[in-house]
Amino acid sequence: MRIKIIVCFLFIVSFLNAQIKLLSWNLENFGKSKSGQEISFIANTVKDYDIIAIQEVVAGYGGAQTVAKLADELNRKGSKWDYVVSNPTSSSAYKTERYAFLWKTASVKLIEKPWLEKKYHLEIDREPYYATFECKGKQFTLANFHAITKSKQPETEIKYFKFLPAAYPNLNLVFMGDFNCPQSHTVFNPLRKLGYKNVFKNQKTSLKKDCDGNNCLASEFDNIWVNEAKFTIKNSKALLFYQSFTTLKEARKISDHIPITVELTLR
């Protein structure tokens with residue numbers, strides 16, 4: 001009898017907890033160049049998660065339309081999905097892009113209208129795209145980000161992330177995306193001092209041109225940064241989607257990055 005009570009209690013606690021399965025993916029040149037078959041493969045890869053954050057959506061014609069096609073494909077998989085696409089990032093100094101979020105409506109609810117970073121949009125080339133969601137009465141805000149390339153020194157813009165928690169003191173921020181910079185770089189130390197933890201460590205996420213034996217990944221660029229005082233982190237995983245293809249050339253038609261995932265519970 002006592003065991004049944006404990007099991008029931010744990011089930012109730014689990015039910016009441018706001019648990020979210022997140023996935024972040026830089027889907028290289030995500031637009032009209034993606035075929036229906038490729039969109040179907042992407043949908044099958046991400047369908048088991050609650051919220052999908054996409055970087056590198058084409059800013060011009062075809063980008064937003066392809067996100068809509070992905071949402072439509074996901075809706076054929078047994079769950080109802082919704083989505084938002086950002087305006088093009090504002091800076092003209094580098095390649096402008098869009099961001100996107102897709103989410104299961106049964107798992108989370110979008111709160112208010114998402115927005116591109118306003119306070120530091122001049123300092124951060126492709127400014128982050130924020131969306132606030134609610135799960136079981138608790139709210140959290142995802143900051144979707146794609147840094148400038150390594151050759152352009154992404155640390156020069158990542159350094160401004162230390163100001164973002166104070167800029168949005170009432171939000172439970174989660175930073176996710178392609179930082180084009182490894183988590184070991186000292187530019188992330190200020191975030192760590194604020195209580196943020198990188199979900200992935202020593203996990204390469206970009207694809208090589210060709211595999212060297214079983215070594216197909218090049219650089220440790222993508223990550224998710226979470227405030228440990230606000231969230232419990234578990235079940236982090238990098239999805240090696242390229243293993244479904246015969247060659248990396250075929251896999252790279254999907255993307256030159258792999259998706260990263262994590263399950264977060266709001267405290």
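Quick caveat: nothing in here was measured; it's all calculated off a predicted structure.
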Gap between atom [atom2] of [Y] and atom [atom1] of [X] - 0.5 Å precision:
X: Arg126; Y: Ser86; atom1: CZ; atom2: OG; answer: 11.5 Å
X: Lys32; Y: Lys69; atom1: NZ; atom2: NZ; answer: 10.5 Å
X: Leu248; Y: Cys211; atom1: CG; atom2: SG; answer: 3.5 Å
X: Ile224; Y: Leu264; atom1: CD1; atom2: CG; answer: 7.0 Å
X: Gln19; Y: Glu263; atom1: CD; atom2: CD; answer: 5.0 Å
X: Ile254; Y: Glu38; atom1: CD1; atom2: CD; answer: 4.5 Å

Might you confirm whether atom [atom1] of [X] has over 12 heavy atoms from other residues, nucleotides or ligands at distances under 6.0 Å?
X: Asn189; atom1: CG; answer: yes
X: Lys201; atom1: NZ; answer: no
X: Gln37; atom1: CD; answer: no
X: Lys118; atom1: NZ; answer: yes
X: Lys197; atom1: NZ; answer: no
X: Asn214; atom1: CG; answer: no

Give me the atom names and distance for the closest heavy-atom approach of [X] to [Y].
X: Asn144; Y: Ala100; value: ND2-O, 3.2 Å
X: Val57; Y: Ala64; value: CG1-N, 4.3 Å
X: Leu173; Y: Pro165; value: CD1-CA, 3.9 Å
X: Cys135; Y: Ala18; value: O-CB, 3.3 Å
X: Val199; Y: Ser236; value: CG1-CB, 3.4 Å
X: Val174; Y: Val226; value: CG1-CG2, 4.1 Å

Honestly curious: do [X] and [Y] fall in one hydrophobic cluster under the side-chain, below-4.5 Å linking rule?
X: Ile54; Y: Trp225; value: no
X: Ile111; Y: Ile20; value: no
X: Tyr129; Y: Tyr168; value: yes
X: Tyr49; Y: Val84; value: no
X: Ile158; Y: Leu164; value: yes

Looking only at side chains, do [X] and [Y] share a donor and an acceptor under 3.5 Å apart?
X: Tyr120; Y: Glu127; value: no
X: Thr141; Y: Thr132; value: yes
X: Gln183; Y: Arg192; value: yes
X: Asn172; Y: Lys138; value: no

- Task: Please name the residue in the list Phe188, Phe175, Phe231 that meets the ring-ring contact (aromatic ring centres under 6.0 Å, His included) test with Tyr196.
- Result: Phe175
- The single option from Tyr99, Phe221, Phe161, Tyr160 that satisfies ring-ring contact (aromatic ring centres under 6.0 Å, His included) with Phe145 is Phe161
Are the side chain of [X] and the backbone of [Y] linked by a donor-acceptor contact shorter than 3.5 Å?
X: Lys21; Y: Asp48; answer: yes
X: Gln203; Y: Phe200; answer: no
X: Asn223; Y: Pro182; answer: no
X: Asp72; Y: Ala68; answer: no
X: Asn180; Y: Pro154; answer: no
X: Ser40; Y: Gly36; answer: no
X: Trp25; Y: His257; answer: yes
X: Lys113; Y: Ala131; answer: no
X: Arg98; Y: Ala59; answer: yes
X: Arg252; Y: Glu28; answer: no

Pair [X] + [Y], salt bridge at N-O below 4.0 Å:
X: Glu155; Y: Lys159; result: no
X: Glu134; Y: Lys109; result: no
X: Lys204; Y: Glu220; result: no

- Message: Checking Ile260 against Lys237 for the side-chain contact (heavy atoms from CB on, under 4.5 Å) test, could you report, in this order, the C-alpha distance in whole Å, the side-chain angles of both residues, the deciding distance, and whether it holds?
- Response: CA-CA 6 Å; Ile260 54 174; Lys237 184 188 299 184; over 6 Å; no
- In a check of side-chain hydrogen bond (donor to acceptor under 3.5 Å, both in side chains) between His146 and each of Asp125, Thr89, Asp178, Asp222, which one passes? Asp178
I want to check something: taking the side chain as every heavy atom from C-beta on, are [X] and [Y] in contact at a cut-off of under 4.5 Å?
X: Val262; Y: Asn235; value: no
X: Ile258; Y: Leu217; value: yes
X: Leu110; Y: Asp82; value: no
X: Thr156; Y: Glu123; value: no
X: Phe41; Y: Val46; value: no

- Item | For Leu70, the option from Trp81, Tyr83, Phe30 that meets side-chain contact (heavy atoms from CB on, under 4.5 Å) | Phe30
- Task: For the residue pair Phe245 and Phe241, categorise the inter-ring angle as parallel (less than 30°), tilted (30 to 60°) or perpendicular (more than 60°).
- Result: perpendicular
- Message: Checking Met176 against Leu22 for the side-chain contact (heavy atoms from CB on, under 4.5 Å) test, could you report, in this order, the C-alpha distance in whole Å, the side-chain angles of both residues, the deciding distance, and whether it holds?
- Response: CA-CA 10 Å; Met176 56 199 306; Leu22 303 179; 4.1 Å; yes
- Message: Working note: Cys216 + Lys208, criterion side-chain contact (heavy atoms from CB on, under 4.5 Å); need CA distance, chi angles, decisive distance, verdict.
- Response: CA-CA 6 Å; Cys216 303; Lys208 292 184 172 183; 5.6 Å; no
- Does the side-chain contact (heavy atoms from CB on, under 4.5 Å) test come out yes or no for Leu142 and Phe101, once each step is laid out? CA-CA 9 Å; Leu142 304 181; Phe101 288 107; 3.8 Å; yes
